[in-house]
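One structure below.
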Amino acid sequence: MELSKIKAIDFHSHFNHGHRSDSAESDVYRCDLDNIIKMNDAANVEYTICSTFASVLDPKAVIEENEYLYDLCPKVPSLYQWVVIDPRKEDTFLQAKRMLKTRKCLGIKLHPPLHGYSTEEYGEKLFSFADDMNAVVQIHPEFAPYLYLKYADKYKNMILDIAHMADNNFFRAAKEAKHGNVYLDTSGSASFQNFVIEAAVARGLSERILYGSDTYAVGAQRGRIEYAQIPEKDKELILRQNAIRIFPELNADK
């Protein structure tokens, strides 16, 4: 299939919606949902799995933002939810239990650096919960990604997406996971390093890489995959097929 015709799945995004803790915007950077949908349409991105910016930027806003997105996603066909958990807030675990049973909430989002907690302190609580829920977890790493292997190897019923793939520390985490349950996503500026995609594929990780934009220029992020010096079949895996393997319902959810 011609790559431009592949309906990509954005595994990692955020958006603003007028909350007091939204990400800063300017004349040259916009991240409201209307503009993100326009960028997705232009870049042939079919689905976006996201959390609001306020939910990751402001730990005080997590509960209300989870509810906001939970109510919004059924109204926007292309939008799916990461429910954000803060391990210090028991209500976020209760939200996750309820929301993960529904069609448009696909997994759990963790952001230890911005929320100000330590995975070393709360990792067992978080990942044992994810394991019990058979959940997919997307985490913004707070330390070398391969250090998450102790959780991925212990809790084989969860899938862990380590965001912002950047270097060999990430590759090691995906390569050495004994259950094959560690993935990496291309969101953010790290993917613009001029050989990071190629280096990951060269290490045999094409089935463990997920396309994500993180609200950077969606077309440029997609182009980074389409014009990478890797085989076409690997580009198809990264843009869509790996996400479908994790969430088969997206292939049938029309």
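Values below: every heavy atom of this structure, side chains too, minus hydrogens, waters and symmetry copies. Everything numeric here is computed off the predicted structure, so don't read it as measured data. The first residue of the sequence shown is numbered 1, and numbering continues consecutively from there.
- Taking each heavy atom of Leu100 and Leu106 in turn, the nearest pair found is CD2-C, 3.9 Å.
- Shown here are the side-chain hydrogen bond (donor to acceptor under 3.5 Å, both in side chains) partners of Lys154, two or more places apart in sequence or in another chain: Glu124.
- Between Lys233 and Glu236 no salt bridge is recorded (no basic side-chain N to carboxylate O distance below 4.0 Å).
- Partners of His179 under the ring pair (Phe, Tyr, Trp, His ring centres under 6.0 Å) rule, at least two apart in sequence or in another chain, do not exist in this structure.
- Between Glu67 and Arg98, at least one side-chain N (NZ, or NE/NH1/NH2) sits under 4.0 Å from a carboxylate O, which counts as a salt bridge.
- Taking both residues in full, the closest heavy atoms of Val84 and Thr92 are given as O-CB, 3.8 Å, listed atom of the first, atom of the second, then distance.
- In the model, Asn251 has a side-chain atom that pairs as donor or acceptor with a side-chain atom of Arg240 under 3.5 Å.
- The two atoms that bring Lys178 and Asp153 nearest to each other are N-OD1, 3.1 Å, heavy atoms only.
- Under the rule for a side-chain contact (heavy atoms from CB on, under 4.5 Å), the partners of Leu57 that lie at least two apart in sequence or sit in another chain are Ser23, Phe53, Leu114.
- Counting only distance, with no hydrogens or angles, the side chain of Asp10 and the backbone of Ser213 share a donor-acceptor pair below 3.5 Å.
- Cluster annotation: Val56 is not connected to Phe15 through the hydrophobic network of ILVMFWY side chains, with a link wherever side-chain heavy atoms come within less than 4.5 Å.
- When only modelled atom types and interatomic distance are considered, Arg245 and Tyr183 share a side-chain donor-acceptor pair under 3.5 Å.
- Side-chain contact check for Lys104 and Gln81: no donor-acceptor pair (N or O, by modelled atom type) lies under 3.5 Å.
- For Thr215 and His14, the side-chain atoms include no donor-acceptor pair closer than 3.5 Å.
- Applying the ring-ring contact (aromatic ring centres under 6.0 Å, His included) test to residues at least two apart or on different chains, the pairs with a partner in residues 210-250 are Phe11-Phe247.
- Under the side-chain contact (heavy atoms from CB on, under 4.5 Å) criterion, Ala217 pairs with Ala220, sequence neighbours left out.
- The pair Glu198-Arg224 meets the salt-bridge criterion, with a side-chain N (NZ, NE, NH1 or NH2) lying under 4.0 Å from an Asp/Glu carboxylate O.
- Here the closest non-hydrogen pair linking Ser206 and Asp234 is OG-OD1, 3.0 Å.
- Judged as a side-chain contact (heavy atoms from CB on, under 4.5 Å), and not counting sequence neighbours, the contacts of Ala200 are Met165, Phe171, Ile209.
- With hydrogens and angles disregarded, no donor-acceptor distance shorter than 3.5 Å links the side chain of Lys109 to the backbone of Ser51.
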Steps toward salt bridge (charged side-chain N to carboxylate O under 4.0 Å, His left out) verdict (Arg20, Glu64)
CA-CA 12 Å; Arg20 63 186 179 279; Glu64 64 178 290; 3.4 Å; yes
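- Tyr29 is linked by a ring pair (Phe, Tyr, Trp, His ring centres under 6.0 Å) to nothing, counting only residues two or more places apart in sequence or in another chain.
- Remark: side-chain polar atoms of Asn242 are not paired, donor with acceptor, to backbone N or O of Leu210 under 3.5 angstrom.
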Could you go through the side chain to side chain contact (heavy atoms under 4.5 Å, CB included) check for Val45 and Ile9 one step at a time?
CA-CA 6 Å; Val45 174; Ile9 295 172; over 6 Å; no
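- Side chain of Glu46 to backbone of Ile6: no donor-acceptor contact under 3.5 angstrom is found.
- Salt-bridge annotation for Glu90 and Lys97: absent, with no side-chain N of the basic residue lying under 4.0 Å from a carboxylate O of the acidic one.
- His17 and Asp22 get closest at one heavy-atom pair: N-OD2, 3.2 Å.
- Contacts classified as ring-ring contact (aromatic ring centres under 6.0 Å, His included) and involving residues 131-153 (residues at least two apart or in different chains) are given here: His111-His140, Phe127-Tyr151, His140-His164, Phe143-Tyr148.
- Counting non-hydrogen atoms of neighbouring residues, nucleotides and ligands closer than 6.0 angstrom, the NZ atom of Lys156 reaches no more than 12 such neighbours.
- For Tyr155, there are no ring pair (Phe, Tyr, Trp, His ring centres under 6.0 Å) partners two or more places apart in sequence or in a different chain.
- Here Ala190 pairs with Ala166, Gln193 under the side-chain contact (heavy atoms from CB on, under 4.5 Å) rule; sequence neighbours left out.
- Across all non-hydrogen atoms, the minimal contact from Ala177 to Val182 is CB-CG2, 3.6 Å.
- Shown here are the side-chain hydrogen bond (donor to acceptor under 3.5 Å, both in side chains) partners of Lys150, two or more places apart in sequence or in another chain: Glu120.
- A donor-acceptor contact closer than 3.5 angstrom is absent between the side chains of Ser13 and Asp214.
- For Lys89, the salt bridge (Lys or Arg N to Asp or Glu O under 4.0 Å) test picks out Asp86, with sequence neighbours left out.
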